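Quick notes on the structure that follows.
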Number of protein chains: 2
Amino acid sequence: MSRKGAQSREHILGTSRELVMEKGFAGTSIDDILRKAGVSKGAFFHHFGSKAELARELVRWHAGQDIEMFRTLAARAEATHDDPYDQLMMFLQGFETYISNPEQPSRGCMYAVYTYENAQFDEQVRGIVSEVLREWTAIYIRKFQEVLDVHPPRMEVSARQLAEMIVSIIEGALVLQRAYGKTDMTARQSRHFRDYLALLFDKPAQAAAA
Amino acid sequence: MSRKGAQSREHILGTSRELVMEKGFAGTSIDDILRKAGVSKGAFFHHFGSKAELARELVRWHAGQDIEMFRTLAARAEATHDDPYDQLMMFLQGFETYISNPEQPSRGCMYAVYTYENAQFDEQVRGIVSEVLREWTAIYIRKFQEVLDVHPPRMEVSARQLAEMIVSIIEGALVLQRAYGKTDMTARQSRHFRDYLALLFDKPAQAAAA
DNA sequence: ATGAAAACAGACTATTTGGTCTGCATTGAG
DNA sequence: CTCAATGCAGACCAAATAGTCTGTTTTCAT
């Protein structure tokens with residue numbers, strides 16, 4: 001693939017991303033994409049064999065992005081703190097900063113879009129989506145287990161419960177954020193969850209982060 | 001409207017409900033509805049002037065259902081207990097029973113579908129959706145305020161924070177429930193939230209409900 | 001019973017949709 | 001520079017889509 005070819009492909013992919021997040025997958029026609037991206041039908045079908053392939057590439061792109069974000073935040077947290085509780089807290093704070101980026105306020109979660117439109121997609125795409133969500137949960141489970149191994153909680157609770165709760169909260173907050181245009185909903189919910197953790201593990205509330 | 005007319009209208013509305021929840025609004029064609037409902041195009045457009053009107057009627061139907069559910073559960077809880085904390089707990093338990101109905105496991109929240117597809121809808125429909133979500137939150141805020149007025153929490157927390165948290169959790173859990181086919185995700189998350197409340201308000205954990 | 005209004009059936013239409021195909025332009029390795 | 005591979009433009013197509021219209025059947029108050 002030539003330099004310009006790759007560039008053009010990225011451009012189409014980026015435009016599609018925005019449109020799909022804005023109008024949903026079924027609600028976004030290929031002509032919509034062509035219009036907004038300013039490219040021809042020939043260009044589109046040169047880079048993507050079909051709309052289904054676009055769906056696959058889109059979800060792969062997001063999966064890649066998110067894994068990278070997770071890894072970066074996790075690495076930073078683990079480099080800064082030894083205690084898994086502190087690591088987790090710092091990780092969540094990092095997420096809050098990331099999701100609150102005022103440059104491009106998040107309009108929702110692409111996996112939620114794909115989940116509610118899953119009838120549109122083939123088994124492969126559905127697999128990637130649930131795989132990513134499972135992976136997120138799994139990462140949290142491991143980390144919470146580390147925390148539980150060191151800090152006795154004030155009530156009986158499993159690592160899985162806590163992991164599924166934070167993932168649910170984030171997903172739900174993104175729905176509400178979009179539903180009534182409150183761009184800080186997700187970060188606020190994450191912060192509240194951290195307060196819950198502080199209470200659960202009997203830690204003093206930390207100074208409020210940025 | 002004749003008896004059979006109303007009946008037929010309900011039938012179309014019910015079928016549309018299922019299809020939209022299954023495939024999204026943009027992903028559901030009128031022909032899909034006609035096929036599944038076994039009615040003719042003439043019948044459909046006799047009852048609904050357009051697809052947009054169907055969208056309006058659908059969201060109105062859901063709003064009506066949910067308000068009724070909320071009122072019923074709230075009334076029962078308030079009739080059983082005097083303490084707002086106990087009322088809230090019973091309300092949430094009632095919700096868990098409702099959402100866990102094994103007859104028709106919930107495939108998600110229609111408002112989330114509408115939220116992520118909001119570009120498809122007119123201002124009126126978008127208004128109803130955010131109105132319902134706001135109303136839910138408002139009801140919870142009032143109830144949490146009552147609780148906070150009586151029971152001192154173990155950490156500083158506002159009624160709004162708690163209200164938005166439970167709504168987020170439910171919305172998010174419904175996404176996860178659908179994403180990986182775990183039909184009990186929502187009820188479990190609600191239960192975990194109740195445990196959090198028990199910890200927050202320093203109440204003994206109640207015997208696990210059904 | 002009857003007649004007008006409501007309920008429906010389904011052919012038809014204009015537009016949009018995802019996708020193909022042919023031919024021209026650009027790129028970059030040799 | 002050359003030329004084959006890549007990148008791209010846009011006319012074209014068949015199917016699907018939302019919606020219309022005309023005519024027939026059903027309903028129900030009188």
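Below, chains carry the letters A, B, ... as their sequence lines are ordered, and counting in each starts from 1. For clarity, every value in this text was computed on a predicted model and none was experimentally measured.
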Margin query: Is it the case that the side chain of A:Gln87 and the backbone of A:His81 share a donor-acceptor pair, with hydrogens and angles ignored and the cut-off at 3.5 Å?
Written below: yes
Next item on the list: Measure from CZ on B:Phe48 to C1' on D:dG19 and round the result to the nearest Å.
Entry: 15 Å
Notebook entry, point to check: For the side chain of B:Glu53 and the backbone of B:Gly49, is there at least one donor-acceptor N/O pair under 3.5 Å apart?
Noted result: yes
Item checked: Strand-adjacent residues in residues 23-34 of chain A, judged by heavy atoms under 4.0 Å from DNA chain C -> A:Thr28, A:Ser29, A:Ile30
Item checked: Under 3.5 Å donor-acceptor, A:Lys51 side chain and A:Phe25 backbone -> yes
Next item on the list: Verify, without hydrogens or angle tests, whether A:Gln177 (side chain) and A:Thr186 (backbone) share a donor-acceptor contact under 3.5 angstrom.
Entry: yes
Note to self: With a cut-off of less than 4.0 Å, is there a side-chain N or O of B:His46 near OP1 or OP2 of C:dA7?
What the structure shows: yes
Check: Taking atom P of D:dA18 as reference, at what distance in whole Å does atom CZ of B:Phe45 sit?
Finding: 8 Å
Margin query: Over 60° means perpendicular and under 30° means parallel, so tell me whether B:Tyr196 and B:Phe193 are parallel, tilted or perpendicular.
Written below: perpendicular
Notebook entry, point to check: When you measure from the side chain of B:His11 to the backbone N and O of B:Ala37, does any donor-acceptor pair fall under 3.5 Å?
Noted result: yes
Notebook entry, point to check: With a non-hydrogen cut-off below 4.0 angstrom, is B:Lys51 in contact with a base, only sugar-phosphate, or nothing?
Noted result: sugar-phosphate
Next item on the list: To the nearest Å, give me how far apart NZ (A:Lys41) and P (C:dT16) are.
Entry: 12 Å
Item checked: Spacing between B:Leu54 atom CG and D:dT17 atom P, to the nearest angstrom -> 15 Å
Notebook entry, point to check: Is A:Arg134 positioned over the aromatic face of B:Tyr180, cation under 6.0 angstrom from the ring centre and no more than 45 degrees off axis?
Noted result: yes
Next item on the list: Look at the side-chain N and O atoms of A:Ser8 and state whether any lies under 4.0 Å from the OP1 or OP2 oxygen of D:dC8.
Entry: yes
Notebook entry, point to check: Where along residues 117-125 of chain A does a heavy atom fall under 4.0 Å from DNA chain C?
Noted result: none
Margin query: For the backbone of A:Ser158 and the side chain of A:Gln161, can you confirm whether one donor and one acceptor N or O come within less than 3.5 Å of each other?
Written below: yes
Next item on the list: On DNA chain C, check which nucleotide each of A:Arg35 and A:Gly42 is closest to and give me the residue with the more 5' one.
Entry: A:Arg35
Notebook entry, point to check: Stepwise, does the ring-ring contact (aromatic ring centres under 6.0 Å, His included) test hold for B:Tyr116 with A:Tyr116?
Noted result: CA-CA 8 Å; B:Tyr116 273 116; A:Tyr116 273 117; 7.1 Å; no
Next item on the list: Starting at atom CZ of B:Phe44, determine the distance to atom P of D:dT17, rounded to an integer number of angstrom.
Entry: 13 Å
